[in-house]
Amino acid sequence: MTEQSRQKYTRTHGCNQLSSHNAGEQVVLAGWVNSLRNLGGVVFLDLRDRDGLTQVVVNPEELADAAEDVRQLREESVIQVKGTVRERPENMRNPDMKTGDIEVVASWLKIENLAAPMPFHLEDEEVGEDLRLQYRYLEMRRSGLIDKLRLRHRTSQIVRDYFDTSGFVEVETPILSKSTPEGARDYLVPSRVHEGKFYALPQAPQQYKQLLMASGVEKYFQIARCFRDEDLRADRQPEFTQVDMEMSFVERDDILTEVEGMIQRVMREMLGKEVPLPFPRMDYRDAMARFGTDKPDLRFGLELVEVTEHLRDTSFRVFQKVIDSGGCIKALPLPGSVQLSERRIEDWTRIAGEYGAKGLIWLKFEDEQTIKGPLAKFLTEPEIQAVRAETNAEKGDYVLLVADRREIAESALGRLRMEAAEAGELIPSDRYNFAWIVNFPLLEYDEEQGNYSPMHHPFTSPVKEDLHLLDENPLQTRANAFDIVMNGVELGGGSIRIHDPALQEKMFNVLGMGEEESRKRFGHLLKALGYGTPPHGGIALGLDRFVMLLAGAASIRDVIAFPKTARASCLLTGAPSDAEEAQWRELHIAPRRQQKEKG
RNA sequence: GGGGGCGUAGCUCAACACGGUCAGAGCGCCGGCCUGUCACGCCGGAGGUUGCGGGUUCAAAUCCCGUCGCUCCCGCCA
């Protein structure tokens with residue numbers, strides 16, 4: 001190898017670093033061609049690396065050999081350039097560019113990779129998301145996605161440091177795990193060694209972390225990947241990341257305090273926001289009654305009120321029927337600034353219908369005494385007055401009414417509260433409101449299965465005072481569980497767990513599991529509880545959702561490097577894909593279609 | 001499993017309600033010109049299975065049915 005060819009042109013500067021102070025210096029830059037301006041003789045190109053842009057000038061007199069190559073260049077090609085930093089003439093500086101006072105006059109240029117024409121405009125935000133996902137690596141180059149990944153990285157760092165400082169130990173738990181048919185659908189992994197048996201990917205490290213409490217770890221945390229084979233949403237991916245933690249010898253408020261401290265630190269260091277502690281705590285029942293959801297967005301008002309009693313003797317037959325059958329009438333007062341066009345009422349009626357509401361009634365207060373709307377000819381003067389007083393409505397305000405079963409009326413109006421806030425631009429940006437929702441019901445009745453199912457999970461402890469209700473009135477039993485809500489997004493949930501094996505067995509029993517079945521599914525846990533497991537509890541927070549909110553993003557896909565589509569496929573790699581026949585034979589499985597053809 | 005929105009050139013979109021002219025525009029791409037641009041400019045050109053399959057019709061991008069993909073929501077997500 002000659003001396004010449006061994007000469008290494010390693011980068012001397014980043015594309016954001018040079019200024020007029022460097023004038024006259026020999027530098028080597030490397031990066032992508034961000035844009036190209038070929039004037040026939042002289043060629044200008046903006047070179048981009050992960051830090052910034054620098055203009056490079058290719059002058060035919062000074063670089064005759066490379067000038068021909070430069071003509072072939074296309075945007076997003078990768079090049080290395082050696083050259084001299086030159087101050088630009090006064091009238092040719094670019095004040096919009098950080099390095100706009102200088103340019104690098106190329107004396108040597110190497111095309112490392114001549115890029116094919118881009119399949120889409122990299123900076124065009126209107127490009128279809130499917131195309132951007134297919135070329136995710138191209139989207140990342142210019143979309144600000146990398147900044148979001150940096151934000152995510154730093155958030156994880158702070159979380160790790162916070163828990164480390166508080167004496168927590170990060171423990172990794174298995175990805176190949178055991179299927180438990182409760183809860184979400186499992187992703188299954190067939191076993192080659194054990195014919196006909198399967199691992200499951202963890203929906204959460206729940207049981208392992210409780211076993212770590214039995215192990216004496218006392219303070220555990222993990223930034224853990226979780227998998228759930230359920231239908232997706234803007235804030236749900238089939239695989240996602242939880243900040244998972246568990247503590248021994250604690251009560252509910254110890255956990256809440258620990259988490260509040262962590263969130264406060266993240267908000268301070270990531271956004272420079274000082275969030276006041278403690279976060280407000282709201283009963284599940286109150287959240288439902290006032291906001292129609294268990295994850296209320298507290299950045300704005302617009303609370304629901306109940307008007308059932310005021311309209312108990314109404315002549316409006318639809319309402320009368322609902323009241324007679326034990327339903328209720330909930331109202332959502334809206335300021336007149338939220339325009340209720342006919343089209344909007346139609347749209348919102350359809351939305352209310354998605355929640356099972358059979359209708360949506362509106363009225364407008366023309367003044368204190370007079371209302372407009374379909375109820376105008378049905379409501380009496382005192383009824384109007386009562387509704388007005390209850391809703392605090394003023395002249396020009398609207399009231400939306402849903403009469404139905406309580407859950408339906410509340411959840412439908414809860415959703416319309418969000419629609420109205422958006423439509424009326426009532427949501428302050430740059431504001432962060434946290435709240436704890438506490439005292440969830442322990443159980444709900446599963447109509448399909450015809451039995452009780454846990455609202456959180458089967459290891460959740462009832463609140464002490466409600467223990468007796470487990471026999472008398474299971475649905476009335478409150479759980480010692482809590483959710484944390486940030487700007488209307490459920491960030492995470494946790495609970496105090498059951499650490500008494502007898503109570504745990506009883507719980508399984510209430511859930512309709514016989515002794516044999518519960519031992520088969522959860523025997524390992526029950527056994528551990530019997531060998532000296534301390535009282536414990538913990539929480540899991542959705543890291544993707546948290547970072548999404550910190551980044552001001554609309555979907556968790558925007559804070560995940562390689563997300564999946566709403567149908568759980570990866571457009572970049574094409575996963576999931578077919579497997580070789582030899583592969584599934586080795587795993588003792590066959591696609592059903594194949595079996596049918598054979599059988 | 002159910003409902004809403006979208007699918008036309010490489011990209012973004014127009015033409016679609018009321019079926020009928022060669023399916024157009026901007027950007028990108030290709031060729032030519034251009035030595036101070038920074039959204040460089042100017043001239044010329046190529047590029048289409050209107051997602052796919054079927055139907056109605058003399059005639060379908062347009063109407064109907066089915067299907068696939070993306071997306072939002074309900075159910076689901078212990």
Side-chain angles (χ1 to χ4, degrees), chain A residues 34-46 53-62 67 74-76 86 88-89 91-97 99-100 103 105 116-135 138 180-186 203-204 206-207 226-238 240 347 350-357 408 411-412 415 418-419 440 442-444 446-449 452-460 479 481 490 493 495 507-508 511 521-522 540 542 554-555 557 564-567 569 571:
Chain A
N34 196 68
S35 60
L36 201 56
R37 294 175 293 281
N38 183 347
L39 270 61
V42 67
V43 176
F44 295 94
L45 57 90
D46 292 339
L53 292 174
T54 299
Q55 174 166 285
V56 174
V57 192
V58 181
N59 225 308
E61 289 102 49
E62 290 169 65
R74 267 187 300 257
E75 290 189 359
E76 295 304 312
R86 178 166 78 189
R88 296 200 209 175
N91 58 336
M92 291 164 196
R93 300 189 172 185
N94 184 345
D96 298 330
M97 221 168 147
T99 59
E103 61 195 4
V105 185
M118 293 297 112
F120 59 94
H121 305 274
L122 263 42
E123 281 170 68
D124 186 350
E125 285 171 22
E126 303 300 310
V127 175
E129 193 167 11
D130 44 347
L131 194 72
R132 301 206 310 264
L133 284 178
Q134 194 185 333
Y135 295 97
L138 293 181
T180 54
E182 275 72 34
R185 206 173 286 116
D186 283 321
Q203 298 174 23
Q206 183 60 34
Q207 293 182 55
C226 305
F227 306 84
R228 293 177 192 175
D229 188 4
E230 293 293 345
D231 290 339
L232 308 179
R233 291 281 196 289
D235 60 354
R236 278 196 232 155
Q237 283 273 300
F240 60 101
D347 195 34
R350 184 184 55 77
I351 290 174
E354 287 177 359
Y355 291 80
I408 291 175
S411 59
R415 166 70 182 275
M418 294 306 299
E419 295 287 334
F440 279 80
L442 183 70
L443 304 163
E444 50 197 351
D446 188 331
E447 310 260 343
E448 253 172 67
Q449 309 270 343
Y452 296 116
S453 69
M455 190 141 173
H456 188 46
H457 57 54
F459 320 112
T460 301
E490 182 194 324
S495 62
M507 187 68 196
F508 287 141
L511 295 172
R521 288 189 195 170
F522 300 111
S555 163
R557 289 191 297 273
K564 297 200 168 48
T565 69
R567 296 243 309 139
S569 53
L571 296 179

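Note that the structure is a prediction, hence the values are computed from the model and not measured. We name chains A, B, ... by the order of the sequence lines, and we start the count at 1 in each one.
For the pair A:Leu122 CG and B:C11 P, the computed distance is 14 Å after rounding to whole Å. As a whole-Å value, the separation of A:Leu53 CG from B:A39 C1' is 14 Å. As a whole-Å value, the separation of A:Leu133 CG from B:G69 C1' is 12 Å. Atom CD in A:Glu75 sits roughly 7 Å away from atom P in B:C29 (whole-Å rounding). B:C74 atom P lies 14 Å from atom CD1 of A:Ile408, rounded to whole Å. Distance CG (A:Leu131) to P (B:U71): 13 Å, rounded to an integer number of Å. Atom pair A:Glu354:CD and B:C76:C1' shows a separation of 15 Å (rounding to whole Å applied). Atom pair A:Asp96:CG and B:U37:C1' shows a separation of 14 Å (rounding to whole Å applied).
For a distance-only test at 3.5 Å, the side chain of A:Arg228 fails to qualify as a donor-acceptor partner of the base of B:C77. For A:Arg88 against B:C38, a side-chain-to-base donor-acceptor contact under 3.5 Å is present. For a distance-only test at 3.5 Å, the side chain of A:Arg74 fails to qualify as a donor-acceptor partner of the base of B:G28. For a distance-only test at 3.5 Å, the side chain of A:Asp231 qualifies as a donor-acceptor partner of the base of B:G75. Side-chain to base pairing of A:Arg350 with B:G2: no donor and acceptor N or O lie closer than 3.5 Å to each other.
Across the C1' atoms, B:G53 and B:A9 are found 23 Å apart, a figure rounded to whole Å. Spacing of C1' atoms, B:G7 relative to B:A15, comes out at 16 Å, to the nearest Å. Going from the C1' atom of B:G2 to that of B:A39 covers 47 Å, rounded to whole Å. Distance noted for atom P between B:U21 and B:A59: 15 Å (whole Å). Taking the P atoms as reference points, B:G31 lies 32 Å from B:A14, given to the whole Å. Between B:C40 and B:G66, the distance separating the two P atoms is 48 Å to the nearest Å. Nucleotides B:U8 and B:U71 are separated by 16 Å at their P atoms, to the nearest Å.
Residue contacts for A:Pro458: at a heavy-atom cut-off of 4.0 Å it reaches a base atom on one of the strands shown. Using a 4.0 Å heavy-atom distance criterion, A:Glu129 is classed as a sugar-phosphate-only contact. Within the 4.0 angstrom heavy-atom criterion, no nucleotide atom of any strand lies near A:Ser453. A:Thr460 comes within 4.0 angstrom of no nucleic acid atom, judged by non-hydrogen atoms across all strands. Across all strands, A:Phe459 comes closer than 4.0 Å to no nucleic acid atom at all (heavy-atom distances). Looking at heavy-atom distances under 4.0 Å, A:Arg86 makes contact with a base. Nucleic acid contact for A:Arg567: sugar-phosphate only, since backbone atoms but no base atoms lie under 4.0 Å from a heavy atom of the residue. Within the nucleic acid shown, A:Asn38 comes within 4.0 Å of at least one base atom, counting heavy atoms only. Using a 4.0 Å heavy-atom criterion, one finds that A:Glu103 contacts the bases of the nucleic acid, with or without backbone contacts as well.
The side chain of A:Phe44 sits closest to B:G36 out of B:C73, B:U71, B:G36. Picking from B:C77, B:C72, B:G36 the nucleotide with the shortest atom distance to the side chain of A:Glu230 gives B:C77. Comparing B:C70, B:C34, B:C38 against the side chain of A:Leu571 picks out B:C70 as the nearest. Listed nucleotides B:G28, B:C72, B:C38 differ in distance to A:Asp46; the shortest reach to its side chain belongs to B:C38. When distances run from any side-chain atom of A:Asp130 to the nucleotides B:U37, B:C70, B:G10, the shortest one goes to B:C70. Taking every side-chain heavy atom of A:Val127 into account, B:C11 is the closest of B:C38, B:U71, B:C11.
Both distances falling under 3.5 Å, in either a Watson-Crick or a G-U wobble arrangement, place B:U67 opposite B:G51.
No side-chain heavy atom of A:Thr565 sits less than 4.5 Å from a side-chain heavy atom of A:Asp130. Between A:Leu138 and A:Phe120 the shortest side-chain heavy-atom distance falls below 4.5 Å. Taking the side chain as every heavy atom from C-beta outward, A:Thr460 and A:Pro454 never approach each other to under 4.5 Å. Considering only heavy atoms from C-beta on, A:Gln55 stays 4.5 Å or farther from A:Thr99 through its side chain.
For B:C72, the OP1/OP2 oxygens have a side-chain nitrogen or oxygen of A:Arg557 closer than 4.0 Å. Close to B:C38, at under 4.0 Å from its OP1 or OP2, lies no side-chain N or O of A:Ser35. OP1 or OP2 of B:C40 has at least one side-chain nitrogen or oxygen of A:Arg37 nearer than 4.0 Å.
RNA chain B is contacted by both A:Asp124 and A:Ser569; A:Asp124 maps to the nucleotide lying nearer its 5′ end (nearest heavy atom per residue).
The distance from the CZ atom of A:Arg132 to the CG atom of A:Leu571 is 12.0 Å, given to the nearest 0.5 Å.
By the 4.0 Å N-to-carboxylate-O rule, A:Asp231 lies too far from A:Arg236 to be salt-bridged with it.
Aromatic ring pairs are classed by plane angle as parallel below 30°, tilted from 30° to 60° and perpendicular above 60°; the pair A:Phe508 and A:Phe522 is parallel.
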Would you check, one step at a time, whether the test side-chain contact (heavy atoms from CB on, under 4.5 Å) holds for A:Tyr135 with A:Met118? CA-CA 10 Å; A:Tyr135 295 97; A:Met118 293 297 112; over 6 Å; no

